[in-house]
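Quick notes on the structure that follows.
Residue numbers start at 1 and run along the sequence shown.
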Amino acid sequence: MASFNSSSSTITTFKFHLGAFLLLVGVASAQLASNFYGTSCPSVLSVIKSAVNSAVSNEARMGASLLRLHFHDCFVNGCDASVLLDGGEKTAPANANSLRGFEVIDNIKTQLESSCPGVVSCSDILSVAARDSVVALGGPSWQVQLGRRDSATAGSVSDVNNNVPSPALSVSGLISAFSNKGFTAKEMVALSGSHTIGQARCTTFLTRINNETNIDSTFKTSTQAQCQNTNNFVPLDVTSPTSFDSAYYRNLLNQKGLLHSDQQLFSGGSTDAQVRAYSSNQAAFRTDFANAMIKMGNLSPLTGTNGQIRTNCRKAN
């Protein structure tokens, strides 16, 4: 067996390589942290907040669009901003001509590249923008953990089809889809409350308003009138469409859920009790929604040396 040379220079070299190895391991397994950009880009949160507030002030619906963008990103291969890449996921039926807010993210990225070039990831921008959108519409806040990196490749159409829940799902289908991502049925009901803001295209719920019986007759008639043109949009929450509140759940109790998947949450099944609870306790909904959003933001992030920091959110470097 070879003898170990314990000269000073050899030991120094060994320590250097060991230190470099440990540093690399530490970086590769890095954890998300709320102060990740504390020194590298201290203006990051204020830049994102200002841009989101401006966009939502200009068009309230944009708040829901940015929240949905984050959701569609995280449910497909984790929170890696792959949904922002041109091609791939963007072309899937659930996303094409449906996802919005890309230009808001582009605007934020441009500002941050100017002040902190090559530092802030597109995936972190998405996560913070989703939080700030909810706050801008009167919803709860939560601490966003940061340090995600960006994927260099977009997911496929089949990735989207297999992971993003369809508005045609039954309550058991919804529970299963969210369970696959590690969410409980209660967390699924809380996250569904995001439909207290935003709009849906008539084509996505025509079957419900024309054929289903668990629907309020007045709501049905008025919605059908709004959908004479099937490309029209209708608020998901008929009561307060631009306020992040618990009206969504009260609508379900009154059979005024717009999407089939919405009304399924209150249709004689296992989630009825949770819908009732949130309908009468907005504070509980706000707390549970915020906690579920933190959990969503932690879905398989790329950290450390994995992925990249895209300079343009639409293209890999």
Side-chain angles (χ1 to χ4, degrees), residues 55-56 58-76 83-84 86-105 126 129-130 133-134 137 155 157-171 173-174 177 191-244 247-249 251-252 254-265 267:
V56 174
N58 186 53
E59 182 197 12
R61 181 184 169 207
M62 187 55 71
S65 297
L66 291 170
L67 177 59
R68 183 168 180 251
L69 202 52
H70 177 54
F71 168 61
H72 279 229
D73 179 45
C74 293
F75 260 54
V76 180
V83 75
L84 301 179
D86 289 337
E89 295 167 47
K90 280 186 178 178
T91 65
N95 294 340
N97 301 313
S98 176
L99 285 184
R100 306 168 73 245
F102 298 108
E103 70 285 353
V104 177
I105 302 300
L126 261 185
S133 292
V134 170
L137 293 173
V157 170
S158 61
D159 286 337
V160 177
N161 294 342
N162 293 332
N163 289 281
V164 174
S166 161
L169 286 180
S170 64
V171 67
L174 289 167
L191 289 171
S192 296
S194 62
H195 286 181
T196 188
I197 54 175
Q199 302 176 12
R201 195 189 300 267
C202 292
T203 52
T204 61
F205 55 82
L206 282 177
T207 298
R208 167 156 169 74
I209 63 167
N210 289 331
N211 303 322
E212 294 183 8
T213 57
N214 58 340
I215 184 169
D216 176 82
S217 58
T218 302
F219 174 67
K220 175 178 181 175
T221 302
S222 66
T223 305
Q224 287 174 330
Q226 295 176 77
C227 289
Q228 292 300 306
N229 179 339
T230 57
N231 282 317
N232 284 348
F233 287 84
V234 175
L236 288 159
D237 172 0
V238 67
T239 307
S240 50
T242 60
S243 295
F244 199 98
Y248 167 80
Y249 300 104
N251 291 338
L252 298 185
N254 295 316
Q255 298 193 324
K256 293 181 180 179
L258 187 65
L259 304 181
H260 172 79
S261 55
D262 287 330
Q263 196 58 56
Q264 278 290 295
L265 298 182
S267 57

Do [X] and [Y] come close enough that some side-chain heavy atom pair is under 4.5 Å?
X	Y	value
L84	L69	yes
F71	L191	no
S133	F244	no
Q264	R208	no
N232	R201	no

In Å, rounded to the nearest 0.5 Å, how long is the span from [atom1] of [X] to [atom2] of [Y]?
X	Y	atom1	atom2	answer
I215	L258	CD1	CG	8.0 Å
L137	S243	CG	OG	7.5 Å
E59	R100	CD	CZ	4.0 Å
F75	D159	CZ	CG	14.0 Å
F219	Q224	CZ	CD	10.5 Å
Q255	Q263	CD	CD	5.5 Å

Next on the checklist: Which residue is it: H72, R68, K90? I am looking for the one with a side-chain hydrogen bond (donor to acceptor under 3.5 Å, both in side chains) to S98.
Outcome noted: R68
Checklist entry - Among D216, D237, T196, whose side-chain hydrogen bond (donor to acceptor under 3.5 Å, both in side chains) with N251 holds? => result D237
What are the two closest heavy atoms between [X] and [Y], and how far apart are they?
X	Y	answer
I105	L66	CD1-CD2, 4.0 Å
K220	N210	NZ-O, 3.9 Å
C202	V234	SG-CG2, 4.0 Å
Q226	P235	OE1-CD, 4.4 Å
F233	R61	CE2-NH2, 3.2 Å
D262	H195	OD1-ND1, 2.8 Å

Checklist entry - Which of these, L236, L265, V238, sits in a side-chain contact (heavy atoms from CB on, under 4.5 Å) with Y248? => result L265
Item to check | Test log, rule side-chain contact (heavy atoms from CB on, under 4.5 Å), inputs T207 and H260 | outcome: CA-CA 8 Å; T207 298; H260 172 79; over 6 Å; no
Next on the checklist: Within a 6.0 Å radius of atom CG on N97, are there more than 12 heavy atoms belonging to other residues, nucleotides or ligands?
Outcome noted: no
Next on the checklist: Donor-acceptor check, side chain of T91 to backbone of G87, threshold 3.5 angstrom: yes or no?
Outcome noted: no
